[in-house]
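To start, the structure itself, in structure tokens.
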Amino acid sequence: MIDMEKQDGFMRALKCRECGREYPLAATHVCEFDFGPLEVAYDYDRAKKSMTRAAIESRPRTMWRYAELLPIAGAPTVGFQVGFTPLVKADRLAKRLGIRELWIKNDTVNYPTLSFKDRVVSVALSRAKELGFKVVACASTGNLANSVAANAAAAGLKAFVFIPHDLEQGKVLNSLIYGANVISIKGHYDEVNRLCAEIAGKSGWAFVNVNMRPYYAEGSKSMGFEIVEQLGWRIPRHTVVCMASGSLLTKIHKSYQELVKLDLVTETPFKVHGAQATGCNPITAAQKSGMDFFKPVKPDTIAKSLAIGTPADGFYALRSMKETGSASDDVTDDEIREGIKLLAETEGIFAETAGGVTVGVAKKLIASGKIPADDSAVLCITGNGLKTLDAVAGHAGQTREIRPSLREFDKLMEAEPQLANA
Ligand SMILES: *Cc1c(COP(=O)(O)O)cnc(C)c1O
Ligand SMILES: [Zn+2]
């Protein structure tokens, strides 16, 4: 499909975000000099030649239509079907939130495991295979474990997924069913992550979000590329993104900049606002008080997929928001449930807790004028509600139970006439 003539595709090197030193395109993620995170550098001039709007539009409707800007050397070998999820015009939700125009980027239906993590995992596993790995692994708050387990199964790779012990049943079963080795750690995510860093150092495995992190993280850009194309090649004025490590937010920012660099879209001002749960808000707390650094927290929230107390990209997420003049906020467990219900009742989309965070924060940002009411915004809804049923059980209303008789039904409607009201 795309001419990957060079050995490394369109990748040039791994480059330190702090000092700019360059490294070979191996499974490494930190600079040896200053411990800065490594990021993939591309040959943009060459990418520009093959990446025209017409060329992109003629390719399959998956995230791989932007392959020149994704960090693999050859054709993808894992997750061919991932991405190009619907961008839904959300008029009914717009009305309820009091904004002129609203869009939902709906990754609740991403393939194959119903969250945006399929984007990062298909990239990381495709790259892991290129680098010769046979075993893949991750430290996860749930969705990443699901996606690594499923995509590894389909690719014939062995998988180890490490999770905190208190995850939702749905997320645990969704990893076990694919035959992955699920290691449950008696600790919170930050302890899981630290253990994984130690194991990664000596195991010879591809930890997608540790030693493979430079490649993995780039997969998130595809969400931003798709939003711009689906809006008719326009950068949205406002994008609202929920944050765990903060990586997705920084990569959506980067995706808009790259499309400008490749002349695929006109440069217009944009903001990418961050959303967290109040029970785990290291990034939004720092942003709201104007700090450049976050203070680690101990998570206590129903939004378990976002429960990272020491976010790896928190510093860069703060820098991104500062650069674009963006805002952020956080919401309580009750507001998260309200956000889930509001999105479901107005648009027919059932999001997990992370989606409730995004909707709840968008509501606050619109109410406070940080997203002006006469403007347009995109909400990134990143995971499916069927995986976090525990969070809404007992909060979603109740069934009416009757015997199978018309008389009983008539009686019910007589007793509760409001059920039939529009
Ligand atoms: C992992 C995750 C995020 C955020 O990921 P980052 O670490 O900030 O890139 C958002 N939503 C869901 C549902 C997730 O699983
Ligand atoms: Zn460096």
Side-chain angles (χ1 to χ4, degrees), residues 13-23 28-39 105-108 110 113-121 124 138-148 163 167-168 170-171 174 189-190 193 208-209 213-214 216-224 240-254 272 274-277 280 282-284 294 301-318 320-321 328 336 340 351-359 361 379-388 391:
L14 292 180
K15 190 172 173 178
C16 174
R17 288 192 71 152
E18 291 305 318
C19 70
R21 273 189 182 82
E22 294 195 349
Y23 292 83
T28 52
H29 68 300
V30 282
C31 176
E32 291 163 12
F33 291 87
D34 52 18
F35 302 104
L38 303 183
E39 193 176 32
K105 179 57 172 165
N106 186 7
D107 265 15
T108 70
N110 205 1
T113 65
L114 310 178
S115 89
F116 106 91
K117 289 297 197 304
D118 291 322
R119 300 175 182 277
V120 283
V121 168
C138 68
S140 173
T141 56
N143 285 312
L144 184 57
N146 297 170
S147 188
V148 166
I163 54 173
L167 280 195
E168 301 94 342
K171 296 257 170 85
N174 262 293
Y189 174 80
D190 298 285
N193 193 44
V208 302
N209 55 341
R213 192 168 180 86
Y216 156 92
E218 285 285 287
S220 292
K221 292 189 307 190
S222 63
M223 198 170 191
V240 184
V241 182
C242 55
M243 301 182 289
S245 72
S247 174
L248 176 62
L249 181 136
T250 66
K251 294 297 181 177
I252 285 183
H253 181 169
K254 184 178 178 188
V272 186
Q276 289 200 300
C280 183
I283 309 177
T284 58
F294 65 84
T301 168
I302 58 168
K304 296 186 181 185
S305 59
L306 304 179
I308 300 185
T310 308
D313 290 288
F315 170 73
Y316 295 103
L318 285 166
S320 158
M321 289 189 277
S328 75
I336 293 169
I340 293 173
E352 72 146 81
T353 45
V357 167
T358 305
V359 172
V361 166
L379 310 188
C380 294
I381 301 301
T382 47
N384 196 301
L386 292 173
K387 292 200 217 177
T388 60

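Remember, it's 1-based here, ligands and their atoms both numbered in the order they're listed.
- With sequence neighbours excluded, no residue forms a ring-ring contact (aromatic ring centres under 6.0 Å, His included) with His29.
- At the shortest separation from atom 12 (C) of ligand 1 among protein heavy atoms lies Thr382 OG1, 3.3 Å.
- Salt-bridge check for Lys251 with Glu39: passed, with a basic side-chain N closer than 4.0 Å to an acidic carboxylate O.
- Around the Zn ion (ligand 2), protein N, O or S atoms at less than 2.8 Å number 5.
- We find the OG1-CD distance between Thr382 and Glu352 to be 6.0 Å, quoted to the nearest 0.5 Å.
- By the criterion of a heavy-atom distance under 4.0 Å, neither the backbone nor the side chain of Leu249 is placed next to ligand 1.
- A salt bridge links Glu218 with Lys254: the closest approach of a Lys/Arg side-chain nitrogen to an acidic carboxylate oxygen falls below 4.0 angstrom.
- Counting protein heavy atoms only, atom 14 (C) of ligand 1 is closest to Lys117 NZ, 2.9 Å.
- The side-chain contact (heavy atoms from CB on, under 4.5 Å) search around Ala351 returns Thr108, Leu343, Ile381, not counting sequence neighbours.
- For Ser245, the side chain to side chain donor-acceptor pair (under 3.5 Å) test picks out Arg213, with sequence neighbours left out.
- Using 4.0 Å as the threshold, Ser115 has no heavy atom nearer than that to any atom of ligand 1.
- Of the candidates Leu248, Ile252, Val357, Leu248 brings a heavy atom nearest to atom 9 (O) of ligand 1.
- Ion pair Arg119/Asp107 flagged as a salt bridge, since at least one NZ, NE, NH1 or NH2 atom sits closer than 4.0 Å to an Asp/Glu carboxylate oxygen.
- Here the straight-line distance linking atom CE of Met321 with atom CG of Leu249 works out to 5.5 Å at 0.5 Å rounding.
- In this structure, OH on Tyr189 lies 7.5 Å from CG on Leu144, to the nearest 0.5 angstrom.
- Residue-ligand proximity: Thr141 is placed with every non-hydrogen atom at 4.0 Å or more from ligand 1.
- At a heavy-atom cutoff of 4.0 Å, ligand 1 is contacted by the side chain of Glu352 but not by its backbone.
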